[in-house]
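Accompanying notes for the structure given below.
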Amino acid sequence: MLADQLLPYVRTEEEAYWISEALATAAQVLGGKRSGEVTKVLAEHLGKELAEEVLGYRDDEGEDRVTQLKSASQAIAVLPVVALTVAVRPTERLVNRVIAWLRQHVGMHVVVRLHYSQPILGGATVEWQGRYVDVSLRKKLSQYIEEKKLAEWMRL
Amino acid sequence: MSIVTFEQALEKNGEIGTVDEVYGSLVVASGLPSITPNELVLFEQGQTGMVFSLTQEGVEILILTQSQPIQVGTRAARSARPLTLKLSPSLLGKSVSALGTLWGSGSEIKGAKEERMIDQEPLPLMSRELVTQPFVTGVTMVDLVVPLGKGQRELVVGDHKIGKTSILLQSMIAHARRGGIVVYAGVAKRSTEVATLEQYIKTHEVDGQVVLVFSGSADTAGLIYLTPYTAMTMAEYFRDQKKDVLVVFDDLTIHAKFYREISLLARRYPGRSAYPGDIFSIHAKLMERAGNFANGSITALPVAETVMGNIAGYIQTNLMSMTDGHIYFDADLFNQAKRPAINPFLSVTRVGHQTQTSLLRQLSRELSNFLVNLTKLKELLHFGGELTDRVKRGLDKGELIEALFNQPDDLVVPLAVSGVLLAVVWNEMLSGPDAVAQIPEVRIRLIDAYGHDQGWRDYMDGLMGMDNLETMLTKVKTDSQMLNSLMGLKGS
C-alpha cells in the first residue's frame, strides 16, 4: 500500500495530519488533470521528495493514482497515536529515535504525539490506547522521598 | 465522597482518556479501556463526572462538578470506584449537595460512619412488610380523608403555587416531632428557596431530625439528576438505623426534564414529549426503594407539577402508576380559598386505610360519604328550591367541616385533635352565625391542651382509641360541657 511506503515520512501526529491533508488535496486536484501534469501537481502539494516517493510507487492491484492517494490519505489520518511527555524539547534526532523504537516495539503503524513538560524532570510518561505509564524522574524521586520518610518514621 | 486528584487517580489506575466531544453537561471520551458504568471520573482541571453509558464510540460521562468548562482534548482518569456517599448521623440538621458535601461550602461531612453507592438496588420482596402503621401528616384533611401509612409512596400532584410544598412541610414537621427522620430532596432549587426552607425547619425546631439535600438551578444537569437518588440513599441509611424515614422529592417533573435534557444530549431516541424510553424506569427504581421493611420504613412523598390541572400528563401518570395513591391539588378549590386545596374525590390512597384504627376507618368512611352528598346537594341548590331544615343543617355542617379542613400553612394538627374537632362538629356542638369563625380558635385551644396538658392528651387519645364511631360521638356529646369549657364555647 502507498500508505506503508510513506510511513518513514509520517512520524508525529502533526505530520500525519498534514500529509493526510496534502494527499487528499492532491487527489482532488489530480482528478481532472492530464497525466502529464501529475508530477507538477504532486510536487506542489506534497513536496518534491514525497512526490517522488508517490510517483515511484507501483501498485500490483492496478489502482489509479487518485484512488491510491485517497486510500493513503485515509489510512494515514487514522494511524494510532502514542502520546509521550518528555522533560526536554524534542530534537529531530530524539523524534527519530523514539519513533524507531516505537515502531520496533509497539507496531509499525503508530505515530507519536510529543509533549514537552519540564516538571517531570527526566524520563517520560507514555499514553497508549487508554493506558498510562509514568516512568519519569519526578515519580522516581517522589517514590524515593516517600520511602526515605517512611524509613525515618520507622526508625523513630 | 473522598475525591482523589486527577494525578492520584492516573497513577493508581494507569488509565487515561481524552475528551473528544462536549455536549453541555455530557462529554464523550476515548481511552479508559477498563471503565465501568456509574464509575466516578476525574478530569485534569479538577472537574468530576460519572459514567453515563459505554458505547462503541467511547465513554459518555455526565459532568457533576464543573469549576470551569471542559474542552475537547481534556484528559480524564478513572477513579475505579462508583459514585458513593459518606453517611453519618451528623448529616442531621445539615443542608447538603447531591454529592453529600455541605451546601454552600462544599466541604465534606465530618465523622462519616459508612460509605454507600448512590445507585442502589431496592431491597428484595422478602425484606418487605405490609404497611400497617399510620403516617400522620398533621394536615386534618389528609389524615382523615386520604390517610397515609408508614412506608407508603404517595404522589403529591397539582399546579404551580397551589400549596403542595406547604403540606409537605407540615408533614415533615409532624413526622420529625414524632421522632422520625426526614430527608428532603430539593431538585434544581433557587438559593432563596433553600434559605427559606432552612429557616422554616429551624423555626419549628426540628432541624436535628431533618437532612436537606439540594441541587441548585445553576448546578449541572448531572448533579440535579442525582439529587433524588442521593436523598434516597440517605433515607436508606437512616432506615437501617431502625428509624422511620420520610423522604420528600420536590419535584420529579423537574427531575424528568433534566433527565430528558441529558438523554437528548446523549442522542437517545426521543419518545412521548421527547422524554427517553427509560424515563419510567429511572423514577420507578427510585420509588421501589421506599416501603415498609423489617427494620424501619421509608415513606416517600414525590411531587409532580401539573399544567392547567392536567393530571393526564406523561410524567404525572407514570408517577401515579408507581405510587400507592396521590393527593390532588385542585386550582378551582384554591381559587375558592380552600387551604389546602386538596380535592378529596380525585385523591387516592391505596394502603392508607388499612393502617387506620377501626374508629378512624368509620370516621373516614362517614366523612367521605358526607362530602359526596354535600357536593351533590350544592349542585342541586342551583335550582333554587326551598330547603328543609334537615338540608339546611347538612349544609351548615358541611360549611363547618370545610372550615375545619382549612388549615394555615404552618399549623400542624395532631391526629387526635383532628378527630375530636370533627366529632365536635359532627355533634353540632358548634352552632350559630359565628360558628365557622370559631373553628380556628377552637382548634388552637385543642392543640394547646393536647400539647401541654397530659390529662387532656390522655382524654383525646382515649376517644381516638375507641372501637366504635357511635360510642365515640356519644362520649363527646356526654362530655360536651367539659369540652365546651376547654374550647371556650357558650354552654360551658
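In what follows, chains carry the letters A, B, and so on, assigned in the order in which the sequence lines appear, proteins first and then strands, with residues in each chain numbered from 1. All figures in this text were calculated on a predicted structure; none of them were measured in a lab.
Annotation for Arg272(B): atom CZ counts as buried by contact number, over 12 foreign heavy atoms lying within 6.0 Å. Shown here is Glu49(A), whose CD atom has no more than 12 heavy atoms of other residues, nucleotides or ligands within 6.0 Å. Around atom CD of Glu14(A), no more than 12 heavy atoms belonging to other residues, nucleotides or ligands sit under 6.0 Å away. Enclosure of atom CD in Gln118(A) is not indicated, since only 12 or fewer non-hydrogen atoms of other residues, nucleotides or ligands lie within 6.0 angstrom.
Among Lys139(A), Gln129(A), Glu127(A), the residue with the largest count of heavy-atom pairs under 4.5 Å with chain B is Glu127(A).
Under the ring-ring contact (aromatic ring centres under 6.0 Å, His included) criterion, the residue pairs touching residues 89-128 of chain A are Trp101(A)-His105(A), with sequence neighbours excluded.
With values rounded to the nearest 0.5 angstrom, Asp134(A) atom CG is found 10.5 Å from Ile16(B) atom CD1.
Inter-residue side-chain proximity for Arg131(A) and Ser34(B) is flagged as met; some heavy-atom pair is nearer than 4.5 Å.
In this structure, chain A has a heavy atom under 4.5 Å from the side chain of Arg75(B), while its backbone stays farther away. Interface remark: Leu32(B) contributes backbone atoms only to the contact with chain A (heavy atom separation under 4.5 Å).
The nearest pair of heavy atoms linking Pro33(B) to Gly130(A) is CD-O, 3.5 Å.
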